[in-house]
Amino acid sequence: MAALPHSPIGVFDSGLGGLTVARAIREALPGEDLVYLGDTARVPYGTRSPETITRYARSCAKKLQEHDLKLLVVACNTVSAVALDMLRVELDMPVLGVIEPGARAGVAASRKKHLGVIATVGTIGSGAYVRAVASIDSRIEVIARPAPLLVPLVEEGWLTGDVPRLAVRKYLEPFAAESIDALVLGCTHYPLLADIIRTEAAAVCGSPITVVDSAHATATDLSALLNDRALKNPRDAGGSLRLLVTDLPGRFGEVASRFLGVDVDTLEVAQIDL
Ligand code: DGL
C-alpha cells in the first residue's frame with residue numbers, strides 16, 4: 001500500500017528506552033499517529049552480536065510493516081549503529097535512525113572539537129558515532145566509551161540516588177583527561193539519567209559539559225523528512241500512540257506513562273509475538 005500522510009509512523013526499540021524518542025516526536029509532531037514496538041522480551045540488544053541485533057531488527061521491522069506505515073524510525077542506537085543499512089535496503093519506506101541526528105547535535109555542541117559519546121557496547125564497537133561525526137566535521141575528535149550498566153538501571157526505574165550516580169561517575173571518569181566540552185548520550189535510556197550525567201560530567205571534567213541526546217534531533221530530522229516527502233499528517237494535534245511489547249504489558253504501561261507524562265489509563269499496550 002502506498003504511504004499516505006495519514007498513515008502511522010512506526011518506532012521501534014529493544015525496550016522502553018525508545019519512548020524518549022517517541023516523546024520527542026509527539027512533542028514536535030503532535031498530529032502524527034505512532035505505533036511503538038518495544039522488544040521487551042529480548043532487551044538488551046546492546047550486549048549482543050551484530051548478527052543477532054540484525055536478526056532482531058528485521059523481525060521488529062517486519063511486524064511493524066503490518067501497520068501500513070509511511071515511515072520507520074529506529075529509536076534504538078544499537079540497531080541504528082548495526083542494522084540501519086540493511087533495513088533501508090530491505091524496507092520499502094523511508095527509514096530514519098538516531099545516530100546521524102545525535103552526531104549532528106554533538107558536533108554543533110562541541111566548540112573545543114572534543115566530543116564525548118557514551119553508548120552500549122554494540123554501538124561503540126560498531127564505530128558508528130565516530131564515522132557519523134567524521135562525515136560531518138573531520139576535525140572533531142570523538143572519545144567514545146561504553147556505559148552498559150546504565151541500561152538495566154533505567155529499566156529498573158532506578159533514576160536517582162547513589163547507585164546510578166556512582167555508576168555514571170565510574171563511566172565518566174576516563175573523560176577527565178580528554179578535555180571534552182560536550183557529551184552525546186548515544187543510547188535511548190541515558191536521557192532518563194541526564195541530570196545525573198550532567199552533574200557528574202561537570203564534576204569529573206572540572207567544567208560544565210553540554211549534554212546532548214539524539215531524541216530531539218531525530219524528531220527535528222523526522223519533521224524535515226515528512227515535509228520533504230509531503231508525508232506530514234495535516235492534523236496538528238491529537239495523534240494516537242499504540243504501544244506493542246513482546247513481554248508482559250503491565251509494568252511497561254506504568255513506566256511508559258511516567259516517561260510520556262500521561263495517565264496510564266489512556267495508554268493502550270498490547271503484547272505481541274514476533
Ligand atoms: N535501545 C538500546 C540503545 O539505544 C539500549 C538498550 C539495549 O541495550 O537494548 O542502544
Side-chain angles (χ1 to χ4, degrees), residues 10-25 36-61 64 72-84 86-87 95-103 105-106 116-132 144-159 164 167-168 171 183-194 197 211-219 221 243-247 251-252 255-256 259 274:
V11 181
F12 83 91
D13 179 42
S14 52
L16 57 79
L19 289 171
T20 53
V21 178
R23 182 176 59 192
I25 294 173
Y36 179 95
L37 169 58
D39 190 6
T40 47
R42 300 191 294 197
V43 70
Y45 284 12
T47 49
R48 302 190 195 276
S49 67
E51 292 73 24
T52 300
I53 295 162
T54 302
R55 185 158 49 85
Y56 287 180
R58 187 178 277 127
S59 62
C60 289
L64 278 171
L72 181 67
V73 177
V74 180
C76 181
N77 284 259
T78 307
V79 173
S80 298
V82 172
L84 195 68
M86 175 280 288
L87 292 173
V95 181
L96 192 65
V98 288
I99 302 280
E100 218 183 281
V117 177
I118 49 173
T120 64
V121 171
T123 299
I124 298 298
S126 74
Y129 268 103
V130 174
R131 280 195 303 279
R145 304 192 62 91
L149 210 57
L150 304 188
V151 169
L153 284 174
V154 171
E155 291 281 329
E156 279 300 312
W158 215 333
L159 305 179
V168 165
Y171 285 132
L183 180 69
V184 177
L185 307 185
C187 171
T188 47
H189 290 55
Y190 301 171
L192 276 300
L193 295 168
I197 292 172
V211 170
V212 298
D213 71 68
S214 47
H216 290 95
T218 301
D221 279 18
L243 300 172
L244 309 174
V245 290
T246 52
D247 207 341
R251 198 175 152 269
F252 186 90
V255 182
F259 264 45
L274 291 180

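Counting starts at 1 for both ligands and their atoms, in listed order.
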Purely on distance, is any nitrogen or oxygen of Tyr45 under 3.5 Å from one on ligand 1?
yes
Can you list everything that forms a ring pair (Phe, Tyr, Trp, His ring centres under 6.0 Å) with Tyr45? Sequence neighbours excluded, please.
Tyr56
Contact with ligand 1 for Gly15, non-hydrogen, under 4.0 angstrom
no
Donor-acceptor side-chain pairing of Thr123 and Ser126 below 3.5 angstrom:
no
With respect to Thr78, determine whether any N or O atom, backbone or side chain, lies less than 3.5 Å from an N or O atom of ligand 1.
yes
Go through ligand 1 atom by atom and flag the ones less than 4.0 Å from a non-hydrogen atom of Cys187.
3 (C), 4 (O), 5 (C)
Please check if the number of heavy atoms outside Glu155 that lie under 6.0 Å from its CD is greater than 12.
yes
Polar contacts were defined as any N/O atom of the residue lying under 3.5 Å from an N/O atom of the ligand; does this apply to Gly186 and ligand 1?
no
If you measure from OG on Ser214 to CG on Asp221, what distance do you get to the nearest 0.5 Å?
10.5 Å
Could you list the atoms of ligand 1 found under 4.0 angstrom from a heavy atom of Ser14?
1 (N), 2 (C), 6 (C), 7 (C), 9 (O)
Which atoms of ligand 1 have any heavy atom of His189 under 4.0 Å away?
5 (C), 6 (C)
Show the atoms of ligand 1 that are less than 4.0 angstrom away from any heavy atom in Val43.
9 (O)
Which protein non-hydrogen atom lies closest to atom 1 (N) of ligand 1, naming both residue and atom, and how far is it?
Asp13 OD1, 2.7 Å
Which residue, Thr47, Asn77, Thr78, Ile53, forms the side chain to side chain contact (heavy atoms under 4.5 Å, CB included) with Thr120?
Thr78
Side-chain donor-acceptor pair under 3.5 Å between Asp39 and Ser14, yes or no?
no
CG/Leu274 to CG/Leu37 distance, rounded to the nearest 0.5 angstrom?
6.0 Å
Taking only heavy atoms of Gly46, which atoms of ligand 1 are found under 4.0 Å from at least one of them?
7 (C), 8 (O), 9 (O)
Heavy-atom pairs closer than 4.0 Å: do any link ligand 1 to the side chain of Thr120, the backbone, both, or neither?
side chain
What do we get for Asn77 next to ligand 1 when only non-hydrogen atoms under 4.0 Å count, side chain, backbone, both or neither?
both
Going by atom types only, do Arg42 and Ser59 share a side-chain donor-acceptor pair under 3.5 Å?
yes
